[in-house]
Amino acid sequence: MNEYPHIIEVHDVRYSVGGRPIFDGLNMNFTRGRVTAVMGPSGTGKTTLLRLITGQVAADAGSIEVAGTRLSGLSRTQLFDLRRRMGMLFQNGALLTDLSVFENVAFPLREHTRLPERLIRQMVLTKLQAVGLRGAAGLMPGELSGGMSRRVALARAIVMDPQILIYDEPFVGLDPISMGVILRLIRHLNDALGLTSIVVSHDVREISSVADTVFLLSGGKVVAEGTPQELQSVPSEVVKQFVGGLADGPVPFHYPAPDYFDDLLARDGGRPA
Amino acid sequence: MITELASSLGESIERVGDMCRFLVRIVVQLPRSLTRPQLIVDQIYNTGALSLVIIMLSGLFVGMVLGLQGFELLRRFGSEEALGTAAAIGLVKELGPVVTALLFAGRAGTALASEIGLMRATDQLSAMEMMAVDPVRRVVAPRFLGGVITMPLLAAIFSLIGIYGAQLVGVQMMHVDSGSFWSQMQASVDLRDVNEGIVKSGVFGVACSLIAVYEGYHSEPTAEGVGAATTRTVVTSAVVVLFLDYLITAFFLK
């Protein structure tokens, strides 16, 4: 049935910002129909990975294929065609603040289709019902809590029936109940709509409960890959530090700095180098 | 010192080039924006209707000052009756377009720049990109067009109210003859003068709207970034408007 079992293939990707390498020979395959988590310490480029996959930035070298289409060299129109098959949930929801909840969810439909109003209304209400916020259709984004904003953004992300749904840090700043709701939705929407989900997060315990596969990134490479259970038993120090939440280890506690005492005793009293 | 000056000049030229490219991007998207007239109407309301009070008030006061100063000056030559002409020409050709553009930059331009800048800072523009919607078409083009349509209308209203203000001071308070006030104005203000005002306000409309949407769209996605973009909008608009004013005036005097 599937010509390509991996809906996204990242092959030997190199990417650097301002001369600082972020990825150096990154290889990842995202399997169709699964929930894949991408984890890693802050600053390892998880969000950058999403920007690469969605074509917001281009890799310096290597190739990225999404749904059988190679990203490099795509025109803007081709890229936009590809993006219609993707949904993305931004960290803060990124709802359009001048539109109501209903209009936010209807936004992609109004921009890309010429459907009659009655059908748009039905589709929007169905999606809002799926995230449990049909009753909030008339509210403005400013009236929503953080968790509700993200659920509305989720309804908006699935309204065009995408093949791939991408979540950028969906749990940041949420209370345990909202977190539970989002977790349930990730799994439920993935299975009910036949999606492929990619979740970038560093909430180890939460994400382990829904993810089928986990990638752990560190130092610009994948350092571990497998099911959440397999990850627990990986002998690597980086993985142990991350999964165990240890303050010091291969990822140092201290940001690189000159010698502590030299710094304290420096005469000029100016700002430290 | 000289190298610094040269590099800042280079940066300015680069920015002008960038703005021109951005203008081309907007113009390319304009036909598609026109298929959604409601978006443009909303922006005409935001930039135009909401600026009306400040424009009308300023127009009235500028006209009244013009009436006072003009009367004082003309009285020295015994030609107070020319006050209507002086006020009308001053307003229609110069003060109307220029002061309206400066107020427009301060009221509507800053609102546009900070709104678009905040949309950038809160990922709303990236979200649109991800939904395969070009923000230049959906957000920037309607706002630009709204500003371009609004500016000449606001300038016309400013001049109109300004002339009324001059009349208020000249005729009602200083007792200049009402008949000669209006008839001299009618006789000596010709279509060329009005055209100059229309051309100026049109050009200023394009310049101010472009600067506002450009600065907003390219602002750093932080609180400081949006603040800096708003400041740059006002400063750049003011300088550009006064510079263009000189060019257009020189062109019409040729």
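In what follows, chains are A, B, ... by sequence order, proteins preceding strands, each numbered from 1. What you see is a predicted model, and the numbers here were worked out from it, not measured in a lab.
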K.L.:
Is it the case that over 12 heavy atoms from other parts of the model lie below 6.0 angstrom from the CE atom of B:Met56?
P.N.:
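Not more than 12 within 6.0 Å, no.
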K.L.:
For atom CD of A:Glu143, is the number of surrounding heavy atoms from other residues, nucleotides or ligands below 6.0 Å larger than 12?
P.N.:
yes
K.L.:
Do B:Val133 and A:Phe107 come close enough that some side-chain heavy atom pair is under 4.5 Å?
P.N.:
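With C-beta onward as the side chain, the pair touches.
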K.L.:
For the atom pair CE (B:Met130) and CG (A:Leu89), what is the distance rounded to the nearest 0.5 Å?
P.N.:
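Going from the CE atom of B:Met130 to the CG atom of A:Leu89 covers 11.0 Å.
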K.L.:
Heavy atoms, side chains only, cut-off 4.5 Å: are A:Phe90 and B:Thr122 in contact?
P.N.:
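The answer is no; the side chains never approach within 4.5 Å.
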K.L.:
Looking at A:His112, I want to see if its NE2 is surrounded by more than 12 non-hydrogen atoms of other residues, nucleotides or ligands under 6.0 Å.
P.N.:
yes
K.L.:
Roughly how far, to the nearest 0.5 Å, is the CG atom of B:Leu125 from the CG atom of A:Leu96?
P.N.:
9.0 Å
K.L.:
Count the heavy atoms of every other residue, nucleotide or ligand shown that sit under 6.0 Å from NE2 of A:His11, and state whether that count exceeds 12.
P.N.:
no
K.L.:
Could you tell me which of A:Gln91, A:Arg84, A:Met160, A:Arg76 has the largest number of non-hydrogen atom pairs under 4.5 Å with chain B?
P.N.:
A:Arg76
K.L.:
Please say whether more than 12 non-hydrogen atoms of neighbouring residues, nucleotides or ligands are located less than 6.0 Å from CZ in B:Arg107.
P.N.:
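Enclosed: over 12 neighbouring heavy atoms sit under 6.0 Å from CZ of B:Arg107.
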K.L.:
How about CZ on A:Arg121, more than 12 heavy atoms from neighbouring residues, nucleotides or ligands closer than 6.0 Å, or not?
P.N.:
no
K.L.:
side-chain contact (heavy atoms from CB on, under 4.5 Å) with B:Glu129: which of A:Arg83, A:Gln56, A:Met88?
P.N.:
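So the option named by the test is A:Arg83.
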K.L.:
Of the non-hydrogen atoms in B:Met131 and A:Pro108, which two are nearest, and what is the gap between them?
P.N.:
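Result for this residue pair: SD-CG, 3.5 Å.
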K.L.:
Check whether A:Leu79 gets within reach of chain B through its side chain, its backbone, both or neither, counting any heavy atom under 4.5 Å.
P.N.:
neither
K.L.:
At a 4.5 Å cut-off on heavy atoms, which part of A:Asp81 comes close to chain B: side chain, backbone, both, or neither?
P.N.:
neither
K.L.:
Check whether more than 12 heavy atoms from other residues, nucleotides or ligands sit under 6.0 Å from atom OH of B:Tyr164, and answer yes or no.
P.N.:
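Result for OH/B:Tyr164: open.
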K.L.:
Side chains of B:Gln124 and A:Thr97: any donor to acceptor distance under 3.5 Å?
P.N.:
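Side-chain D/A pair, A:Thr97 to B:Gln124: present.
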K.L.:
Please identify, among B:Met119, B:Arg36, B:Glu115, the residue contributing the most non-hydrogen atom pairs under 4.5 Å to chain A.
P.N.:
B:Arg36
K.L.:
Side-chain contact, heavy-atom cut-off 4.5 Å: A:Glu111 with B:Arg138?
P.N.:
yes
